[in-house]
Chemist: 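Here's a structure for you.
In what follows, every chain begins at residue 1, and chains take the letters A, B, ... in the order their sequences are listed.
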Amino acid sequence: MLKKKRVLVAMSGGVDSSVAAALLVEQGYEVVGATMQVWDYSKNTCDVSEGFGTCCSSIDVEDARAVADALQIPFYVINCEEPFYQYVIDDFVQNYLQGQTPIPCVHCNGFLKFKYLLQKMKELNCDYLATGHYAKIKRSPSGEYQLITSVDTWKDQTYFLFSLSKEVLPYLMFPVGDWEKPRLREYAEKKGLPVARKKDSTGICFIGKEGHGAFIRSQVGKDIPGPLLRYPSGEKLGEHRGIFYFTYGQRKGLGVCSDRPLYVVKIDPSNNAVWLGEEEYLFSRELKIKNVNVLGRIRKGEELKVKIRFHHAGAAAEVCDVGEAFWSLRFKEPQRAITPGQAAVFYRDSQLLGGGWIC
Amino acid sequence: MLIYGAMPDFRCLKEKGRIFLDHNATTPLAQCVMDKLLEWAKVWGNPSSIHQTGRAPKALLREARNAVGDFIGSHPLEVAFTSGGSESNNWALKGGYWTQKAKDPRRQEVIVSAVEHPSVMKAAKFLEDQGAKIIKVPVSREGVMDLDFYESALNEKTALVSIMYANNETGHIFPIPSMVKKAHEVGALFHCDGVQALGKVTVNVQSWGVDMASFSAHKCYSLKGCGVLYIRKGLVVESLIHGGGQERRRRAGTENTLGIASFGEVAKNYKDQVSSFYEKVLALRKRLEEGLKEFVDGVEIIGENQKRVPNTVGVILPSGVYGESVLMNLDIEGFSVSTGSACSSGSSEPSATLTAMGFSRQEAERSLRISLGWGSTEEDIQEFIIALAKIIRRLKSL
C-alpha cells in the first residue's frame with residue numbers, strides 16, 4: 001500500500017481553514033494541524049472579546065485546537081512572534097510613517113505562512129502545506145503551476161498571494177478554493193465542526209477596535225503632527241496628528257470643515273503634509289510599481305485585468321514598461337485612489353500573473 | 001484498553017500504540033489507584049463534618065496522610081495537602097518569607113537557585129515586588145551548583161532559601177543536606193522543592209533537615225490536583241489560602257479526597273519499590289545514553305557526569321536541528337517527549353533553566369528532555385533511538 005501523503009494545514013481557528021483540514025482528512029491525507037501564534041495577545045492591543053475576530057487571540061488558538069481534536073489530527077502551536085514582528089509589524093509601521101497604506105497580510109503570507117511554515121512543513125516530513133485561502137492551484141498542460149482565483153469570486157484571496165515565489169506553488173494546497181462560502185458553512189455544520197457558526201474575521205488581525213492610527217501611535221510612542229493643506233492651492237486648513245492616521249481617498253475624520261466634500265488626495269512624508277481636495281483629484285490612469293513578482297508570462301504592451309486593492313473589481317490596464325526596478329501601467333479608465341503601499345495585481349482571466357507594490 | 005507497564009510489582013497504565021518518555025511532566029496512573037477510584041468516589045461526604053457521613057472520608061484522609069508521611073520520612077501531621085506542587089511552592093515561599101519577616105523585619109533576602117521551577121521563580125518575583133531581595137545561586141553548564149556563591153550569599157538578613165532537590169529539565173541533584181546546615185547557621189528557613197525527587201530516589205525530609213518541602217501526587221503515579229507541603233513540626237507558616245480550618249488550620253478548602261487517597265495508595269504500595277525503580281530505570285537510561293551517543297552524531301548529554309535522578313536525560317541536539325521540530329516529529333511517530341523549553345505553552349523564550357546554566361539561546365532551542373518511568377521498557381528505548389536517529393538524519397539533510 002502506498003504511504004499516505006502528509007499535509008500540514010495552517011489552522012487559524014476560523015471556519016475556512018477548519019474546513020480545509022476536514023476536507024483533507026476526508027480525502028484520505030494524513031493531516032497535521034498547526035497554528036502560527038503571531039502576536040502575544042496578553043501584552044498588546046489585541047482584545048479577546050467576542051466578535052473581535054483575530055488570528056492572534058488565544059480564543060482562536062483554542063478553536064483551532066478544538067477542531068483538530070474533532071478531526072483527531074495532531075495539532076501544534078508554532079510560535080512566530082519574532083518573525084511576525086520582524087517581517088510584518090515593522091514593515092507595517094514603517095509604511096504608514098512613509099505615508100503609505102500597507103497590506104500586512106501579503107507579508108504574513110510571503111514571509112511567514114509560505115516560508116517559515118513551509119520550512120516547518122518540510123521539517124515535519126509533510127508533502128504539502130495547506131491553508132484556508134480562497135484560491136486555487138492548477139497545473140497547466142505544460143506542467144506549469146498556476147495560481148487561479150477561487151470559485152467564490154467575492155471571497156477570492158489570490159490578491160494577498162501575489163508575492164509567493166513560483167518554487168513554492170507545487171507544495172501548496174488550497175482545499176476551499178473550489179467552495180462557495182455558504183456551502184462551506186453548511187459543510188462545517190454538517191461535519192459538526194465547533195467553529196461552523198463563527199463569524200468571519202475582517203480587517204487586519206493585530207489592529208484593535210481603535211484602528212490602525214492608534215496602533216501606529218502605540219508603536220511609535222507619540223503623534224507626529226503636521227499641516228493639513230488644500231489641494232492644489234496649498235492653503236493651510238489646519239493641523240493633523242500624524243500622516244499615519246490617513247489613507248488615500250479618506251473622507252471621514254479629517255478634522256476640517258468645508259462647504260464641499262473633501263478627501264485625502266495626497267500624503268507627502270517629505271514635509272509631513274496631508275493634502276485635501278475634491279474627489280476628482282483622486283482619479284488617475286498611471287501607476288508605477290516596484291518589487292514586481294511574476295508568476296506567469298506577461299508581455300510588454302499586453303492588456304491585463306489589474307486590481308489595485310483587495311476589494312477592487314479589477315480594471316483593464318496596459319503594461320507600458322517592464323523595467324528592472326519599476327514597472328509602469330496605464331489604465332484604460334481613470335481609477336479612484338491609487339494608493340501607495342497597496343499592491344497592483346495582474347490577472348489574465350482567472351490566472352494570477354503577478355503583481356507589485358504601488359509607489 | 002489497559003495494558004500494563006513492565007514491572008509486575010508496581011503496575012501502571014500505558015497508552016496503546018504510544019511510547020511515553022515524559023515522566024517528569026506527569027506519570028501514568030498506578031493500577032492500585034485505578035482499582036480503588038470508584039470505591040473512593042462513593043465516599044463523598046465532607047471530611048470535616050461532625051456527622052457520620054464525614055467519617056469515612058475522614059478515615060481516607062487519615063490513612064493517606066499516614067502513608068504519605070511514611071513515604072517522605074515525616075510525621076503524618078507534618079503533611080499538609082495542597083492542590084499540587086505549584087501551590088506548595090508558592091505557599092512555602094510566600095508563607096515562609098512573611099513568617100520570617102514578621103519575626104524579624106530585617107530578614108528580607110530570599111535565596112533560590114537559578115534553575116528553579118517557574119512556581120518558585122514567579123513566587124520569588126512576587127516577593128521581590130513586595131520588597132524582598134532575591135538572590136539566585138548560579139548553576140554551571142555541567143549542572144553543578146555554585147556552593148561558594150551560596151555560602152557567601154547567606155547572612156543574618158536571609159529569610160528563606162528555596163532549592164530544588166532535583167532539576168526537572170536535567171535531573172541534576174543538588175546537595176540539600178549540606179546546604180540546609182549552612183542556611184540554619186544564619187537562622188534562615190530552608191524549603192526544598194522535592195517534586196522531581198519523589199519516587200525516583202529515596203526521600204527523607206528529616207534526614208534532609210529541611211523546614212519545608214513540596215511534593216506532587218501526579219508526578220508519582222497518582223491523580224492530578226493533589227500535592228503536599230511538608231512543614232516541620234514546630235514551624236508555623238503563614239497560610240496562603242484562608243478560610244476553614246482544614247489541614248490543622250494551615251490550608252483552607254474542602255480536601256480533594258480522591259487525589260489525596262490516590263497519593264496515599266501509591267505511597268503505601270510504592271515505598272518499598274523505590275530502590276528497584278532506581279536500578280531498573282538507571283539501567284534503561286544508560287542504554288538510552290549509549291544509544292544516543294552511538295546513533296546521533298554531535299549530541300550532548302547535559303551534565304552527564306553529575307549526580308542525577310535515574311530517569312532523566314537532558315540533551316542538546318546537534319546543530320541545525322530544532323528541539324521543537326524533533327518533538328513534533330516524534331509525536332507524529334508515537335513518542336511523547338518534551339523540549340527543555342516552554343514553547344508548547346506558546347512562549348517563544350527558550351528554556352530559562354538552560355540559559356541560566358550558560359547554554360546559548362541556540363543551544364537551548366535544540367534541547368530535548370527524555371524522562372523514563374515505571375512503564376518504560378528496553379524495547380521503548382530501542383524504538384525511540386531508531387526513530388530519533390532517523391528524524392535527525394532527515395532534518396539535517398533539509
Chemist: More than 12 heavy atoms of other residues, nucleotides or ligands under 6.0 Å from CD of B:Gln382: is that the case?
Modeler: yes
Chemist: Which is it for B:Arg361 and A:Glu82 under the salt bridge (charged side-chain N to carboxylate O under 4.0 Å, His left out) test, yes or no, and what are the steps along the way?
Modeler: CA-CA 14 Å; B:Arg361 194 195 161 104; A:Glu82 271 183 28; 3.3 Å; yes
Chemist: Taking everything shown except B:Lys224 itself, do over 12 heavy atoms lie less than 6.0 Å from its NZ?
Modeler: yes
Chemist: Surrounding OH of A:Tyr171 (heavy atoms of other residues, nucleotides or ligands, distance under 6.0 Å), is the total greater than 12?
Modeler: no
Chemist: For B:Arg141, does the CZ atom have more than 12 heavy-atom neighbours from other residues, nucleotides or ligands under 6.0 Å away?
Modeler: yes
Chemist: More than 12 heavy atoms of other residues, nucleotides or ligands under 6.0 Å from NZ of B:Lys396: yes or no?
Modeler: yes
Chemist: Does any non-hydrogen side-chain atom of B:Met328 lie less than 4.5 Å from one of A:Ile78?
Modeler: yes
Chemist: Quick one: does B:Ile332's side chain get under 4.5 Å of A:Arg6's, heavy atoms only?
Modeler: yes
Chemist: Counting neighbours of NZ on A:Lys5 that are heavy atoms of other residues, nucleotides or ligands and sit closer than 6.0 Å, is the number greater than 12?
Modeler: no
Chemist: Quick one: pull up NZ in A:Lys120 and OH in B:Tyr322 and give me the separation to the nearest 0.5 Å.
Modeler: 6.5 Å
Chemist: Could you tell me which non-hydrogen atom of A:Leu124 sits nearest to which non-hydrogen atom of B:Ser325, and how far apart they are?
Modeler: CD2-O, 4.0 Å
Chemist: About how many Å separate CZ of A:Phe75 and CG of B:Asp331, when rounded to the nearest 0.5 Å?
Modeler: 12.5 Å
Chemist: Once rounded to the nearest 0.5 Å, what's the spacing between atom SG of A:Cys126 and atom CG of B:Asn329?
Modeler: 8.5 Å
